[in-house]
There are 2 protein chains.
Amino acid sequence: MSRERQHKHGAPVTMRDIAKEAAVSVATVSHVVNNKEGARIGEETRQRVHEAIDHLGYRTNALAKTLSVGSSRFIGLVADAIATTPFAGQIIHGAQDEAWKHGYVLLVANTEGNQAAENDAIAMMLEHQVKGILYSTWYHREIDVPESLHQTDTVLVDCFSTGSGLPAVVPNEQQGGKTATEELITAGHQRIAFINTTTPSPALTGRLAGYRSALEAAEIDFDESLVIPAVPEQEGGYEATAAIIASGATAVFCHNDRVAMGLYDGLREQGLDVPKDMAVVGFDNQEVIAAHLRPPLSTVALPHYELGAAGIRVLLGLEPEQDDEMYLIECPAIRRQSV
Amino acid sequence: MSRERQHKHGAPVTMRDIAKEAAVSVATVSHVVNNKEGARIGEETRQRVHEAIDHLGYRTNALAKTLSVGSSRFIGLVADAIATTPFAGQIIHGAQDEAWKHGYVLLVANTEGNQAAENDAIAMMLEHQVKGILYSTWYHREIDVPESLHQTDTVLVDCFSTGSGLPAVVPNEQQGGKTATEELITAGHQRIAFINTTTPSPALTGRLAGYRSALEAAEIDFDESLVIPAVPEQEGGYEATAAIIASGATAVFCHNDRVAMGLYDGLREQGLDVPKDMAVVGFDNQEVIAAHLRPPLSTVALPHYELGAAGIRVLLGLEPEQDDEMYLIECPAIRRQSV
DNA sequence: GTGAAAGCGCTAACAA
DNA sequence: TTGTTAGCGCTTTCAC
């Protein structure tokens, strides 16, 4: 704590300064700083160096080190919608935790869907000698991979590109849909409606497939009229209310939490109670909504944190190899009080 | 586009390679790459160099450059809740846009409130020779500044620390509260309730002050019984319903959008219509909620993007100096249909 | 107009 | 056990 010079500005303290102060060579300083295995350093020398270090307030220069050892500790993360959803934040969080665990640091770039920003971001990362890049989107979908991504190791997160040869880490939509439906079945429901999205996507097909497989496993006949398409927003859920009631269902699986929120409004307007008159489960586990609806919404979580973390592991080659380069991450059930 | 070697792995192309290929010295290559003013380079030489560059697929090594010129282009951003709110994302977005505009790159670290993670993050940034650090929180409050932040230039974003001497960029709560109230007054309301938070904070006092000053400006007497304390969540808003109705107010300014959402539920349950029977305005402009409630909620936005951008400007010394080192950012009204 | 050489802070053989 | 030396990729005087 007894720093002589704080060097907030002005020449920073370098290894040479330490070497001089401790009357040793920079090589020696380097050795003690990095606790080198091979090099035996006398205990008293080590002492002197350490004293000099915290006397002068030395801090290693990571950039110089990188240049010298040849490989950087940066991993780039380009995201398309950091600002507009809480989801990207969780991907970042997961990626960061995992990266740090392995001694890496994240270089984050937000592109907000802008092509030019994206290219700039990738170029910037390449110039900073990143170890690799995580390319992520805020909702699961197929994408065209920017050409420049092929100049380094990259893994796709929450998106994929068939034929690109790039590994992708995505949520297991089918398992998620199945899980959601099972929550309802387990609660005793037989006539279960499904408000699906209208936008073509892995979520649309995956969750539907999951819904069907859960019914099948429970030996409930699939009834096409029970799947109701809706815009995946509150408005869509609200507007689907009449159809849901007309369907005679006693439970409904909503494509996402926002749809469920809209449905709650519609149901309440008709004097229907959740879950007594109608059980509902959502999807996404969007905190601000799901946890605070009345009653709190049971849902299935999109594992964004895990997507980010797994992305890093795949990039670093720590994840067991898969055949098809598609890493499916499980979507866990989150039980609250709407079922 | 005719890269001969893509060097995805293997020795990267360096300036030396270019120099050799173009039969010039590395100094010359450096000059043309950086478009140096001083150095005159023959047109044909410049040509040759450029050809070699995109023939070999050269990309400058930002780290080596930094080491050489002595000052880095990194700016650190430490955030306490990237994952749990969409707000941090907007701060990052604003900071990034502004940083890029000036040729800087963001090193982001999420600490999720963890003291150790915070220290590690700051140490990491210092080791990477950041130009400075933006220290941000996801809601406006007073903080204790980590000791290590004093080792570099830092600016506080969405938080402050009196006596620390550090510049802080924060939302103008009072103006925001005034704006919100004015929206209601302008719509003709005279008896306006205010559901305030129960947690001591700049938001609590600032918005209340703004509320009072708006009333005063409109010559409406302040009635203490019209300010109702509530937990700043949906639950709080819902529970405040009875008090609101009992107060005889025709309009209510909610401490935040979540409270407004809860209030909507309570009001609907009593058969009251928004805005006909009760006008309501929120605060925060939390997209998922405000824009999708029925009717869509008029609110006042917390200027997170601007906070991030202004933070960078202050750090870079681009913002006109203020006396008290408190930079107040305006909270604009967002008009939708609840008034 | 262009190049040689020194140096940024650090690491890594190899000597001593 | 410790020091010498040669780079890592780039910039920047200062000669030619």
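Every value quoted in this text rests on a predicted model; they were computed, and no experiment measured them. Chain letters run A, B, ... following the sequence lines, proteins first and then strands; every chain starts at 1. Basis for what follows: all heavy atoms, side chains included, without hydrogens, waters or symmetry-related copies.
- Note on B:Gly42: only backbone sugar-phosphate atoms sit closer than 4.0 angstrom, heavy atoms only; bases stay farther off.
- Close approach of DNA chain C to chain A, defined as any atom under 4.0 Å from a non-hydrogen atom of the protein, starts and stops at C:dC8 to C:dA12.
- Looking at B:Ile75 and B:Val105, their side chains never come closer than 4.5 Å, going by heavy atoms from C-beta outward.
- Residues passing the ring-ring contact (aromatic ring centres under 6.0 Å, His included) test with B:Phe87, sequence neighbours excluded: B:His304.
- Each ring-ring contact (aromatic ring centres under 6.0 Å, His included) pair with one or both residues in residues 12-49 of chain B, not counting sequence neighbours, would appear here, but there are none.
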Reading nucleotides 5-16 of chain D 5' to 3', which nucleotides get B (base under 4.0 Å from a protein heavy atom), which S (sugar-phosphate only), which -? --BBBBBB----

Show me, pair by pair, the donor-acceptor contacts under 3.5 angstrom made by side chains of residues 60-69 of chain B, not counting sequence neighbours?
| residue | atom | partner | partner atom | Å |
| --- | --- | --- | --- | --- |
| B:Asn61 | OD1 | B:Leu63 | N | 2.9 |
| B:Asn61 | OD1 | B:Ala64 | N | 3.0 |
| B:Lys65 | NZ | B:Asn34 | OD1 | 3.2 |
| B:Thr66 | OG1 | B:Ala62 | O | 2.9 |

Could you pull out every donor-acceptor pair under 3.5 Å between side chains of residues 116-134 of chain B and any protein atom, sequence neighbours left out?
| residue | atom | partner | partner atom | Å |
| --- | --- | --- | --- | --- |
| B:Glu118 | OE1 | B:Tyr135 | OH | 3.3 |
| B:Glu118 | OE2 | B:Tyr135 | OH | 2.7 |
| B:His128 | ND1 | B:Met124 | O | 2.8 |

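- Residue contacts for B:Thr45: at a heavy-atom cut-off of 4.0 Å it reaches the sugar-phosphate backbone alone, with no base atom in range.
- Pairs of residues two or more places apart, or lying in two chains, never qualify as salt bridge (Lys or Arg N to Asp or Glu O under 4.0 Å) while including a residue from residues 156-165 of chain A.
- Helix-axis bend for the helix from C:dG1-D:dC16 to C:dA16-D:dT1: the local axis fitted to the five terminal pairs at one end deviates from that at the other end by 40°, rounded to 10°.
- Contacts of A:Asp97 classified as salt bridge (charged side-chain N to carboxylate O under 4.0 Å, His left out), with partners at least two apart in sequence or in another chain: none.
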Report, one line per pair, each donor and acceptor closer than 3.5 Å where one atom sits in a side chain of residues 313-320 of chain B; sequence neighbours left out.
| residue | atom | partner | partner atom | Å |
| --- | --- | --- | --- | --- |
| B:Arg313 | NE | B:Glu319 | OE1 | 2.9 |
| B:Arg313 | NH1 | B:Glu98 | OE1 | 3.4 |
| B:Arg313 | NH2 | B:Glu306 | OE1 | 3.3 |

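- B:Tyr104 is linked by a ring-ring contact (aromatic ring centres under 6.0 Å, His included) to nothing, counting only residues two or more places apart in sequence or in another chain.
- Not counting sequence neighbours, the partners of B:Thr28 by the side chain to side chain donor-acceptor pair (under 3.5 Å) test are B:Ser25.
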